[in-house]
Amino acid sequence: MSLAVAAVLGMTSFSYPANAVSNREIQQKRNAINNIQSKQSSIQSEIKKADQQIEQLKTQQAQLAAEMEKLDMEVSETSAKIRNVSQTISDTKQDIEALKREIAEVEARIKKRNELLKERVRSLQLSGGIISYLDVLLGSQSFGDFIDRISAVTTIFEADKQIIQEQEEDKALKEKKENELTSKLTSLQSDLQELEQLKQTLNKQMNEKEQLIAQLKQQEQSINEEKLSLAEEQELLEKQEAAIRSQLQQLIIKKQQEQAAQQSPSSSNHSSNGGNVPPVTDGAFMRPANGPITSGFGPRGGEFHYGVDIGKRAPEVPVVAAADGVVFRSYYSSSYGNVVFITHMIDGQIYTTVYAHLESRLVGEGQTVSKGQIIGYMGNTGQSEGAHLHFELHRGSWNAAKSNAVNPLSYINF
């Protein structure tokens with residue numbers, strides 16, 4: 001930078017008349033540097049805030065990772081429970097089938113005894129019931145015969161009593177089996193309901209996990225984009241400050257020239273493209289290139305166009321500096337393509353001009369340029385849909401939001 005400034009001073013000391021440098025001009029440069037430093041401080045605060053947000057996001061990521069691990073374990077446990085319940089349901093169905101067979105057997109025995117008991121009742125009714133048993137006893141021929149008859153009657157009563165007891169036991173067993181079946185069915189229905197609830201819980205947990213992951217990715221992308229934008233803006237401010245410091249150094253060392261009227265493009269800049277180079281005009285700014293305005297400043301296609309586009313109407317169209325200034329950024333951008341940023345100090349006000357989509361750049365960072373000096377050639381680099389110059393004018397420093405952008409047509413007579 002120092003060598004470049006010395007070289008400029010060496011050339012300008014022979015090219016321009018000596019004029020006294022006013023304290024006002026020097027103070028304007030210093031004020032401009034202070035303003036940029038203030039903006040840099042604000043940007044640094046925003047970057048610091050972004051770093052804090054990133055740290056918070058990392059903490060949230062760690063917490064989310066722990067929650068995801070816990071959720072994975074819960075999902076695994078839920079899946080195991082589902083398998084267990086499914087196996088229980090399968091076993092229960094087999095038990096139910098066995099119970100049905102047992103109940104059928106009990107019902108068959110009960111039905112058979114019912115038929116036997118009905119037959120006994122009919123027999124008793126036909127033979128006179130209890131009286132027939134007395135007749136049997138009284139009709140004995142001897143004491144031994146009486147004893148034999150008593151034994152026979154007792155056997156008959158005991159047989160009837162056993163039938164009735166077995167009948168009652170089978171009825172109780174049937175009722176028990178039926179209750180057991182009902183209980184098993186109720187348990188099965190409960191297990192089925194629990195299984196459905198577990199499935200719903202599992203689906204809900206998985207949905208929550210997916211939403212958390214999506215939210216994390218969105219936050220991470222947003223904060224990274226914000227920090228990248230702030231870093232780019234910080235870099236531009238630093239370069240703009242360096243450019244203005246270079247101008248301030250020149251003001252301190254050399255004589256201030258009459259603005260615009262005494263500056264003209266060097267003969268070497270016009271040797272091969274003189275017909276295509278726009279003439280230097282009065283006023284703070286001149287048009288940066290020859291050609292028609294193909295797109296103006298303002299809304300365009302659902303977005304806002306922060307400059308004007310100048311169409312290419314010749315094989316080679318030179319692009320010139322719109323005013324005296326210092327190049328503080330000259331590089332290739334993925335969106336702007338080959339682009340040159342120039343900072344200007346005019347009547348105590350900082351201006352920034354941007355020349356985008358150049359085919360080639362002829363100036364480097366830190367270089368002082370004069371109004372009308374060729375800085376490159378119109379091209380179609382970066383995000384461009386045809387050869388043209390995208391030209392921006394900012395009243396103040398350039399920023400990523402382009403909040404200082406103004407309509408060039410309000411400052412330049414195209």
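The structure displayed is predicted, hence computed values, not measured ones. Residues take their numbers from the sequence shown, with the count starting at 1.
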Should we say atom CG of Asn413 is surrounded by more than 12 heavy atoms from elsewhere, each under 6.0 Å from it?
no

For the student: nearest non-hydrogen atoms of Leu237 and Ser397, plus distance:
CD2-CB, 3.8 Å

Pair Glu365-Ser330, side-chain donor/acceptor within less than 3.5 Å:
no

Taking His394 for its side chain and Thr353 for its backbone only, find out whether a donor-acceptor pair lies under 3.5 Å.
no

Tell me, do Gln367 and Gln373 make a side-chain contact under 4.5 Å, heavy atoms counted?
yes

Please check if the side chain of His357 supplies one atom and the backbone of Thr381 the other of a donor-acceptor pair under 3.5 Å.
yes

Validation row: Phe285, His344 side chains within 4.5 angstrom (heavy atoms)
yes

Inspect the surroundings of NZ in Lys402 and state if more than 12 heavy atoms from other residues, nucleotides or ligands are less than 6.0 Å away.
yes

Within a strict 4.5 Å, meaning less than it, do heavy atoms of the Glu235 and Leu230 side chains meet?
no

Between Ser334 and Gln383 the two heavy atoms that sit nearest each other are O-CG, 3.6 Å

Any chance you could lay out the side-chain contact (heavy atoms from CB on, under 4.5 Å) test for Ile36 and Ile350, step after step, and finish with the verdict?
CA-CA 10 Å; Ile36 289 180; Ile350 293 178; 4.0 Å; yes

Under 3.5 Å donor-acceptor, Asn380 side chain and Gly386 backbone:
yes

Main-chain N/O of Val406 paired with Ser410 side-chain donor or acceptor, under 3.5 Å
no

We want to know whether Asn338 and Arg361 form a side-chain donor-acceptor pair, criterion being a heavy-atom distance below 3.5 angstrom.
yes

For a quick test of reading the model, state the closest non-hydrogen atom pair linking Ala405 to Tyr306 and the distance between them.
CB-CD2, 3.8 Å

Sole candidate of Ile244, Ile342, Leu236 that passes side-chain contact (heavy atoms from CB on, under 4.5 Å) when paired with Phe328
Leu236

What closest approach, in Å, do Glu359 and Lys312 show between heavy atoms, and which atom pair accounts for it?
OE2-NZ, 4.3 Å

Do Arg329 and Tyr331 form a cation-pi contact, if we require the NZ or CZ to be under 6.0 Å from the six-membered ring centre and within 45 degrees of the ring's axis?
yes

Using a distance-only test with no angle check, is there a side-chain donor-acceptor pair under 3.5 angstrom linking Thr352 and Gln240?
yes

Check Ser384 against His388 and note the closest heavy-atom contact, atom names and distance.
OG-CE1, 3.1 Å

Between Tyr336 and Tyr355, is the ring centroid distance below 6.0 Å?
no

Go through the steps to decide whether Glu238 and Gln234 satisfy the test side chain to side chain donor-acceptor pair (under 3.5 Å), and finish with yes or no.
CA-CA 6 Å; Glu238 289 174 355; Gln234 174 74 3; 3.3 Å; yes

Inter-residue atom distance Glu316.CD - Ser360.OG, 0.5 Å rounding
8.5 Å

Ignoring hydrogens and geometry beyond distance, is a side-chain donor-acceptor pair present between Gln215 and Gln211 at under 3.5 Å?
no

Look at the aromatic rings of Trp398 and Phe341 and report parallel, tilted or perpendicular, splitting at 30° and 60°.
perpendicular

Salt bridge (Lys or Arg N to Asp or Glu O under 4.0 Å) with Glu46: which residues, sequence neighbours excluded?
none

Just verifying a value: how many Å separate Ile47 CD1 and Gln52 CD, rounded to the nearest 0.5 Å?
12.5 Å

pair His305-Pro299: side-chain heavy atoms closer than 4.5 Å:
no

Tell me, please, which residues at least two apart from Phe414 pass side-chain contact (heavy atoms from CB on, under 4.5 Å).
Arg287, Pro288, Ile293, Val308, Ile310, Pro408, Leu409, Ile412

State, without any angle test, whether Gln221 and Glu225 hold a side-chain donor-acceptor pair at a distance under 3.5 Å.
yes

Going by atom types only, do His390 and Glu392 share a side-chain donor-acceptor pair under 3.5 Å?
yes

Please name all residues satisfying side chain to side chain donor-acceptor pair (under 3.5 Å) with Ser333, sequence neighbours left out, ordered by chain then number.
Ser335

Does Tyr377 reach the side chain of Leu358, with side-chain heavy atoms less than 4.5 Å apart?
no

Pair Ile375, Val320 - check side-chain contact (heavy atoms from CB on, under 4.5 Å), show working.
CA-CA 5 Å; Ile375 60 173; Val320 303; 5.9 Å; no

Any donor-acceptor pair under 3.5 Å linking the side chain of Asn404 with the backbone of Gly396?
no

Less than 4.5 Å apart, any side-chain heavy atom of Ile374 and any of Leu362?
yes

Below 4.5 Å, heavy atoms only, C-beta onward: do Val369 and Val326 meet side chain to side chain?
no

Where the side chain of Asn399 meets the backbone of Ser403, is there a donor-acceptor pair that is under 3.5 Å apart?
yes

Would you check if the side chain of Thr201 reaches a backbone N or O of Gln197 as a donor-acceptor pair within less than 3.5 Å?
yes

Salt bridge present between Asp282 and Lys371 (N-O < 4.0 angstrom):
no

Kindly give the heavy-atom pair with the smallest separation between Ala289 and Leu389, and that separation in Å.
CB-CD2, 4.0 Å

